[in-house]
Amino acid sequence: MEKPLIGKKILIIEDEVIFRSLLENFLQAMGGEIATAGDGLEGIEKLKVAAPDLIICDLEMPRMNGIKFVEHLRTQGSVIPVLVISATENMADIAHVLRLGVQDVLLKPLKNLERLREAVYECLYPSMFTSKVEEDEQLFQDWDALVRDPSAAAKLLKQLQPPVQQTIANCRINYRQLTMAEQPGLVLDIAALSDKDLAFYCLDVTRAGDNGVLAALLLRALFNGLLQEQISERKQRLPELTGLLKQVNLLLRQANLQGQFPLLVGYYHQTLKSLILVSAGLNATLNINTHQIQLSNGVPLGTMGSTHLNQISQKGDAWQCQVWGAGGRLRLMLATD
């Protein structure tokens, strides 16, 4: 096909004028109908005018960066394919946008425009390149490689740990942890679901050996999607975290991961000042306002077919949560801006 992108609308969100122009000219030459934006906020305005078939997005941009833009897109329920092109060397950022469902990530500088062409084709015409069966096979190949190499799995998990200080969903968050030297202990993950709410979990990987690390990687890949399902099903109400942990327990069994997996999951809505904590096997103490609340540990996931959990709900604009188990002790602190 001489111009394979005829009839396809593509939105390019990129603050570098020269690179944006290069992309625009390249895709127009293939017949694409191109719109451009200089940052995520301008991209959102463009989406109000017309829905594209593909979005090409940078990560580092002023006002609203690419991560915030993709988070906004997914929280609005949009399934428009997104291709990220970025100069970032931060593996955590790349892992984060992949977890949000972007189709591919290309790194700048783009030395081969043929790779860009292939990535655009794969986003717009996925059936031409792969079947769902092939995608599943690739997933299992990657998973099998991690199963065969526990040290590589542990190294990957360490690289994906969140920064000790960050601001997400208009909240300042930091944490400190004490674990055994050079050994995975309590694994933490924090994710913004929108500019109003966030979720986190803490998993003790020590009680299931190598399976604990694999469970942490599986949970990291699937956590956001599982929680978004809970939120969408409940409309504007707070999510049902007990249902989420039941799904995780089932996933661990389906993945044939044997062992005990102590897990604590939290959800915080910044506007409502509402915090929900639910534990399956980890002890926690919550300090909020002038109160201290104890959350008993419940039964670790993987122990039984059913889940036995403990849950608390509190309101406040600042809190500290201390979590502990066999893998060590962790303190998570949050304050609203």
Side-chain angles (χ1 to χ4, degrees), residues 1-132 134-135 138 142 192 194-195 224:
M1 189 183 298
E2 188 174 335
K3 292 199 172 185
L5 300 186
I6 288 179
K8 295 297 184 182
K9 297 178 181 178
I10 301 174
L11 173 61
I12 300 171
I13 307 176
E14 168 65 63
D15 63 316
E16 294 180 18
V17 177
I18 294 176
F19 186 65
R20 186 172 70 223
S21 178
L22 183 151
L23 290 177
E24 183 177 8
N25 293 334
F26 180 74
L27 296 171
Q28 279 181 339
M30 291 193 289
E33 182 181 331
I34 312 302
T36 63
D39 57 42
L41 288 178
E42 190 179 349
I44 291 173
E45 292 303 313
K46 295 284 185 176
L47 289 174
K48 294 177 182 178
V49 177
D53 300 293
L54 171 65
I55 297 172
I56 297 177
C57 182
D58 191 9
L59 291 185
E60 299 291 335
M61 295 183 293
R63 297 204 303 167
M64 177 185 279
N65 64 28
I67 292 177
K68 294 293 185 185
F69 172 78
V70 177
E71 286 175 347
H72 171 83
L73 199 67
R74 296 314 184 215
T75 55
Q76 296 300 309
S78 173
V79 294
I80 299 171
V82 178
L83 171 62
V84 167
I85 304 179
S86 175
T88 185
E89 295 180 356
N90 189 329
M91 289 301 298
D93 285 349
I94 294 173
H96 185 49
V97 292
L98 287 172
R99 187 172 54 173
L100 289 170
V102 306
Q103 271 56 38
D104 203 350
V105 177
L106 301 182
L107 295 180
K108 296 178 182 175
L110 279 180
K111 298 178 180 179
N112 185 357
L113 288 178
E114 187 59 34
R115 178 67 189 95
L116 171 62
R117 187 196 307 269
E118 290 175 0
V120 169
Y121 287 171
E122 289 171 9
C123 291
L124 291 172
Y125 307 106
S127 61
M128 291 174 57
F129 291 87
T130 182
S131 67
K132 184 65 171 67
E134 289 171 335
E135 290 175 356
Q138 183 61 49
D142 295 342
S194 72
D195 60 352
N224 268 28

Q. Are any non-hydrogen side-chain atoms of Asn65 and Lys68 less than 4.5 angstrom apart?
A. yes
(Q) Tell me whether Glu14 is salt-bridged to Lys108, with the criterion being a basic N under 4.0 Å from an acidic carboxylate O. (A) yes
**Q.** From CD (Glu24) to CD1 (Ile56), nearest 0.5 Å
**A.** 11.0 Å
Q: Check Phe69 against Met64 and note the closest heavy-atom contact, atom names and distance.
A: CA-SD, 3.7 Å
(Q) Using side-chain heavy atoms (C-beta onward) and a distance below 4.5 Å, is Asp58 in contact with Ile13? (A) no
Q: State, with a plain yes or no, whether a side-chain heavy atom of Leu23 is found less than 4.5 Å away from one of Leu116.
A: yes
(Q) Quick check: do Leu22 and Ile18 have side-chain heavy atoms less than 4.5 Å from each other? (A) no
Enumerate donor-acceptor pairs with a distance under 3.5 Å from any side-chain N or O in residues 77-85 to protein atoms, sequence neighbours excluded.
unit_1, atom_1, unit_2, atom_2, d
Ser78, OG, Ile80, N, 3.3

Contacts table for residues 29-54: side-chain donor-acceptor under 3.5 angstrom, sequence neighbours left out:
unit_1, atom_1, unit_2, atom_2, d
Asp39, OD1, Leu41, N, 3.1
Asp39, OD1, Glu42, N, 2.9
Asp39, OD1, Arg63, NH2, 3.3
Asp39, OD2, Arg63, NE, 2.8
Asp39, OD2, Arg63, NH2, 3.2
Glu42, OE1, Gly38, N, 2.9
Glu45, OE2, Lys48, NZ, 3.1
Asp53, OD2, Lys9, N, 2.7

**Q.** Student check: side-chain heavy atoms of Ile12 and Leu27 closer than 4.5 Å
**A.** yes
Q | Note, Leu59 side chain near Val105 side chain (heavy atom, < 4.5 Å) | A | no
Q) How far apart are the closest heavy atoms of Leu110 and Phe19, and which atoms are they? A) CD1-CZ, 3.8 Å
Q | Pairwise distance CG(Asp93) to CD1(Ile67) - rounded to 0.5 angstrom | A | 3.5 Å
Q | Separation of His72 NE2 from Leu100 CG (nearest 0.5 Å) | A | 13.0 Å
